[in-house]
Colleague: 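I'd like to ask you about the structure that follows.
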Amino acid sequence: MNINFLVHDCYPEIGHTRAMIEVFRKMKPESIKKIRIICFTSANAEILWPQHPEKIEIIQIPFQNLKPFLIKAIFFQLYTWIFKRDLLLENSKTITMGVCSLIGDIVNIQFSHQIWEE
């Protein structure tokens with residue numbers, strides 16, 4: 001299975017991203033061919049999935065320093081929607097974090113980061 005994961009920033013220190021990374025880590029490695037992370041910024045693949053970093057590809061969206069965050073979030077939605085053919089892996093499932101993008105098959109919504117701390 002190929003997975004596209006759309007998130008603004010992909011770091012294990014961020015609660016909702018860490019939760020999704022843990023889901024990937026618990027999946028059988030042989031069931032995942034490739035995970036493509038589409039984001040503004042991200043940790044290295046070795047940090048995100050140390051067991052199989054070669055299966056992670058990170059695509060960074062330009063203009064990561066846009067301010068305020070609302071403009072940055074709208075830009076992310078428009079950019080991923082316009083360039084979805086170039087960004088997404090073929091024959092894949094697309095997971096988005098909350099409302100970061102409108103092109104997902106699955107939306108993972110996590111409002112409180114503190115829930116994942118426990």
Side-chain angles (χ1 to χ4, degrees):
M1 166 187 348
N2 290 324
I3 300 172
N4 303 299
F5 180 45
L6 288 92
V7 62
H8 292 126
D9 300 295
C10 190
Y11 294 98
E13 299 83 26
I14 301 173
H16 60 270
T17 304
R18 181 173 55 241
M20 202 65 232
I21 292 167
E22 287 302 317
V23 169
F24 294 148
R25 288 181 181 175
K26 290 182 182 195
M27 294 175 75
K28 294 181 182 178
E30 58 274 5
S31 69
I32 298 175
K33 292 181 185 174
K34 180 167 246 164
I35 298 173
R36 180 175 282 177
I37 299 171
I38 302 162
C39 59
F40 282 117
T41 61
S42 177
N44 294 330
E46 293 82 16
I47 294 171
L48 298 174
W49 201 13
Q51 301 88 338
H52 303 283
E54 70 282 356
K55 292 187 176 188
I56 292 184
E57 178 184 6
I58 299 169
I59 306 290
Q60 290 189 317
I61 302 292
F63 304 111
Q64 57 188 306
N65 294 323
L66 285 173
K67 302 274 188 224
F69 184 76
L70 180 60
I71 300 297
K72 184 177 179 178
I74 291 169
F75 175 78
F76 192 93
Q77 287 186 357
L78 291 173
Y79 188 92
T80 55
W81 185 75
I82 291 169
F83 295 106
K84 63 183 168 188
R85 288 192 180 124
D86 297 330
L87 293 173
L88 303 182
L89 295 166
E90 292 183 12
N91 303 319
S92 61
K93 291 290 181 190
T94 301
I95 302 168
T96 67
M97 256 329 181
V99 295
C100 76
S101 181
L102 302 173
I103 61 172
D105 300 315
I106 302 164
V107 178
N108 183 351
I109 298 176
Q110 173 62 40
F111 290 105
S112 174
H113 296 202
Q114 294 172 349
I115 292 171
W116 295 104
E117 294 297 326
E118 299 171 10

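In what follows, every heavy atom counts, from backbone to side chain, and hydrogens, waters and symmetry copies are set aside.
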Colleague: Are Val7 and Ile32 connected in a single hydrophobic cluster, I mean Ile/Leu/Val/Met/Phe/Trp/Tyr linked by side-chain heavy atoms less than 4.5 Å apart?
Modeller: yes

Colleague: Rounded to the nearest 0.5 Å, how far does NZ of Lys55 lie from CD1 of Ile35?
Modeller: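 If we round to the nearest 0.5 Å, Ile35:CD1 and Lys55:NZ are 8.5 Å apart.
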
Colleague: Determine all donor-acceptor pairs shorter than 3.5 Å in which one atom belongs to a side chain in residues 81-94; sequence neighbours excluded.
Modeller:
residue, atom, partner, partner atom, Å
Ser92, OG, Asn4, ND2, 2.7
Ser92, OG, Leu89, O, 2.6
Thr94, OG1, Asn4, ND2, 3.1

Colleague: If Ile, Leu, Val, Met, Phe, Trp and Tyr residues are connected whenever their side-chain heavy atoms lie under 4.5 Å apart, and connections chain through other members, are Leu102 and Met97 in the same group?
Modeller: no

Colleague: If you measure from CD1 on Ile37 to CG on Asp9, what distance do you get to the nearest 0.5 Å?
Modeller: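 Going from CD1 on Ile37 over to CG on Asp9, the span is 12.0 Å.
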
Colleague: Distance from Lys34 atom NZ to His52 atom NE2, nearest 0.5 Å?
Modeller: 14.5 Å

Colleague: Indicate if Phe24 and Ile56 have the same hydrophobic cluster label, given that clusters are the connected sets of ILVMFWY residues with side-chain heavy-atom separations under 4.5 angstrom.
Modeller: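 In one cluster: yes.
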
Colleague: For Gln60, what residues pass the side chain to side chain donor-acceptor pair (under 3.5 Å) criterion, not counting sequence neighbours?
Modeller: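 So Gln60 forms no side chain to side chain donor-acceptor pair (under 3.5 Å) with any residue.
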
Colleague: State plainly whether one hydrophobic cluster holds both Ile21 and Met27, where clusters connect Ile, Leu, Val, Met, Phe, Trp and Tyr through side-chain heavy atoms under 4.5 angstrom apart.
Modeller: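 Shared cluster, yes.
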
Colleague: Calculate, to the nearest 0.5 Å, the distance between atoms OH and SG belonging to Tyr11 and Cys39 respectively.
Modeller: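 That separation rounds to 7.5 Å.
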
Colleague: Quick one: pull up CD in Glu57 and CD in Glu54 and give me the separation to the nearest 0.5 Å.
Modeller: 13.0 Å

Colleague: Indicate the atoms forming the closest heavy-atom contact of His8 with Phe76, along with that distance.
Modeller: CD2-CG, 3.8 Å

Colleague: In terms of side-chain heavy atoms, does Tyr79 have a donor or acceptor partner in Ser101 at a distance below 3.5 Å?
Modeller: no

Colleague: Enumerate, atom names and distances included, each donor-acceptor pair closer than 3.5 Å involving a side-chain atom of residues 42-50, sequence neighbours excluded.
Modeller:
residue, atom, partner, partner atom, Å
Ser42, OG, Cys10, O, 3.4

Colleague: Roughly how far, to the nearest 0.5 Å, is the NZ atom of Lys72 from the CD1 atom of Ile74?
Modeller: 13.5 Å

Colleague: Are Ile38 and Val23 connected into the same hydrophobic cluster when the rule is that any two of I, L, V, M, F, W, Y join if their side-chain heavy atoms are below 4.5 Å apart?
Modeller: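 Different hydrophobic clusters.
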
Colleague: Please work out whether the ring planes of Phe40 and Phe75 are parallel, tilted or perpendicular, with thresholds of 30° and 60°.
Modeller: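 Ring orientation of Phe40 relative to Phe75: parallel.
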
